[in-house]
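Comments concern the structure below.
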Amino acid sequence: MITLLATILGALSSVLPQLVEMFDRKNRLEHERDMVKLRMEAAAAGIQLQIRLEDARADAKEGDSLRTHDSSLGGGKFIESLRASVRPVITYLFFFVFVVVKGTALVIMTQGGAPFQEAIILIWDLETISIFGAIMGFWFGSRVMQKIRDNNSYEVITNDHVFINRPATGGNRPLTVSNKR
């Protein structure tokens, strides 16, 4: 009996290191497979980022090329002034049309018996507010962003907190966080 038990334990003791080695090898292969998968995903993400960066560079280069071309064209002071006034003149014309349409709608509504306050609310609707905000943002938004860049201060408002960074009050201090809006 002891001989049989010793033979079985001897066989198991010689097989056990091989079983441990097989388990370890399986784990190493799974880890290598996972690492290769992660490297492939990272490479794909890097390629996508590189493509976006190249697109942004191409857009910037195209804009620079167009500005260089426009500034190289001559034609005298009148032509240069005319070229520089195209966008502002179109903006003024569209604003004039906008005011005429909205003013005419207000007159027609009030002459039709609608109270002035209700007519104003109907005319100054969400779409009008959106258009007005987009136009103001286009013309004046870059100035605000430039001031923020110059002052290096900003304020972020979320649903729960207000984050304020004002380095002018003492350098690179952490954000001030407040629950109050």
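Keep in mind that the numbers below use all heavy atoms, side chains included, and drop hydrogens, waters and symmetry copies.
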Looking at side-chain heavy atoms only, is the closest gap between [X] and [Y] below 4.5 Å?
X	Y	answer
L53	Q50	yes
V97	V101	yes
F94	I135	no

How many angstroms lie between atom [atom1] of [X] and atom [atom2] of [Y], to the nearest 0.5 angstrom?
X	Y	atom1	atom2	value
K77	L82	NZ	CG	14.5 Å
K102	W124	NZ	CH2	8.0 Å
R25	M22	CZ	CE	10.0 Å

Could you list all the salt bridge (Lys or Arg N to Asp or Glu O under 4.0 Å) pairs where at least one residue sits in residues 31-43, not counting sequence neighbours?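 Counting only pairs at least two positions apart or across chains, no salt bridge (Lys or Arg N to Asp or Glu O under 4.0 Å) contact touches residues 31-43.
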Same cluster for [X] and [Y] if Ile/Leu/Val/Met/Phe/Trp/Tyr side chains link at under 4.5 Å?
X	Y	value
F132	I129	yes
V89	V86	no
F95	V100	no

Side-chain donor or acceptor of T128 paired with backbone N/O of I123 under 3.5 Å: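 Between the backbone of I123 and the side chain of T128 there is a qualifying donor-acceptor contact (under 3.5 Å).
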Within the side chain of T110, is there an N or O that forms a donor-acceptor pair under 3.5 Å with the backbone of L106?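 Judged by distance alone, yes, a pair lies under 3.5 Å.
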How about F98: does its CZ atom have over 12 heavy atoms from other parts shown lying under 6.0 Å from it?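 Count over threshold, so yes.
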